[in-house]
Amino acid sequence: MKFKVLTSAALVAALLSGHAAVQTSAASAPAVKVTVDAKSVSFPDAKPYTESSRVLIPVRFVSQALGGTVDYKNHTVSIKQDGKTVSMKVNGTKVSVSGKTVTLDVPVRVKQNRTYVPLRFVSEALGASVDWNQVQRLVSITTESGAVTPTPTVPDNTDTFDWKPGYTDLAKALFKGNVQASNGKLTLTIPGDARAEYFDFDNSKRVKLGPGKSYSYSIGKGKGFISITKIYPGREELEGYSIFLDAEAEGGKSGEVIVSGNNGKGTVKGTLTEVTNKAKSF
């Protein structure tokens, strides 16, 4: 879903690891990737990160990719592009955009000798549009000159939720008589042979969940997700699922819970109700 950036609303955070985390046993969440007009933006040293559910990026690399020039003097960053001028002070939330003052949700930061600003703000100020892909952890920025009419694609059946053949032990333990959603809360007990983490968007942190322990989390806008995986000794692939507490961020309806996994052909997703109903056949 692509939309024109007209406000400084939040770009769904990314702390992510969405589906990549459930398909590998990597110790850390995958990095956020950024493209401008379908071309990857390289971050040779300092990488994008999240703060208060906002994605912050090193301002120089993205601004230059959008055709702007960047200058830094006296703790003030200035960006110029096609007659537009953006000026902001480090650790400040007040930004001047061609003479108009804009207030940021999070301040300009300096980390690893790079100046960071909210990604959505830069795109808005420089007249671009943004698309956030939660699954791929991908931010796609499109300029007016780079906008193209998308080519229609023929849908396949890989988006229908199903289990991966030969990898259902975790599904049985998790979705049959275990995880439940009721009264705005999701409750579950982590299966004893599973690895699990909760990605807390509100506090920008990742929390390991203990096998055999029970947990309860609020469902709704801006909430995080739970990543659960099971390793099969002697086999190359894993069984893994992400349980998203903010269904709207995944294209669902408010109040729902979305589950994603891999059916052996690709990433699949469904509502928690659909998944638990399917698990009754075990």
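The first residue of the sequence shown is numbered 1, and numbering continues consecutively from there. The structure displayed is predicted, hence computed values, not measured ones.
Of the N and O atoms on the side chains of S96 and S87, not one donor lies less than 3.5 Å from an acceptor on the other residue.
In this structure the side chain of V34 reaches within 4.5 angstrom of the side chain of I141, judged on heavy atoms. Annotation: side chain of L186 is in contact with side chain of I243 (closest heavy-atom distance under 4.5 Å). Using a 4.5 Å cut-off on side-chain heavy atoms (C-beta onward), T271 and V259 make no contact.
Identified under the salt bridge (charged side-chain N to carboxylate O under 4.0 Å, His left out) test for residues 210-225, with sequence neighbours left out: D202-K223. Screening residues 87-101 for salt bridge (charged side-chain N to carboxylate O under 4.0 Å, His left out) gives no qualifying pairs among residues at least two apart or on separate chains.
Nearest heavy atom pair, residue L272 against residue A181, reads CD2-CB, 3.8 Å. Nearest heavy-atom pair across S216 and T187 is OG-CG2, 3.7 Å. Summarising the geometry of G270 relative to F161, their closest heavy-atom pair is N-CD1, 3.8 Å, with the distance given to 0.1 Å. Annotation for F199 and S227: closest pair CE1-CB, 3.8 Å, computed over non-hydrogen atoms.
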Query raised in the report: Under the salt bridge (charged side-chain N to carboxylate O under 4.0 Å, His left out) criterion, do K253 and E248 qualify, and how do the steps go?
Result: CA-CA 5 Å; K253 297 179 181 178; E248 291 182 271; over 6 Å; no

- Message: Quick one, S218 with K185, criterion side-chain hydrogen bond (donor to acceptor under 3.5 Å, both in side chains). Give me CA distance, side-chain angles, the key distance, then yes/no.
- Response: CA-CA 5 Å; S218 296; K185 293 282 188 179; 3.1 Å; yes

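Not counting sequence neighbours, D169 has no partner by the salt bridge (Lys or Arg N to Asp or Glu O under 4.0 Å) test. The side-chain contact (heavy atoms from CB on, under 4.5 Å) search around K47 returns F43, not counting sequence neighbours. Residues passing the side-chain hydrogen bond (donor to acceptor under 3.5 Å, both in side chains) test with N178: none are found, sequence neighbours excluded. Listed by chain and residue number, nothing satisfies the side-chain hydrogen bond (donor to acceptor under 3.5 Å, both in side chains) test with E256 (two or more places apart in sequence, or in another chain).
Annotation: Y167 is in aromatic contact with Y232 [ring centroid separation under 6.0 Å]. Ring centroid separation for the pair F175 and Y241 comes in under the 6.0 Å cut-off.
With hydrogens and angles disregarded, no donor-acceptor distance shorter than 3.5 Å links the side chain of N263 to the backbone of W163. Proximity of a side-chain donor or acceptor of E250 to a complementary backbone N or O of A247 within less than 3.5 Å is not detected.
Under the 4.0 Å criterion applied to side-chain N and carboxylate O atoms, E239 and K164 are not assigned as salt-bridge partners.
Relative to the ring axis of F282, K176 does not place its NZ or CZ within 45° and under 6.0 Å from the centre.
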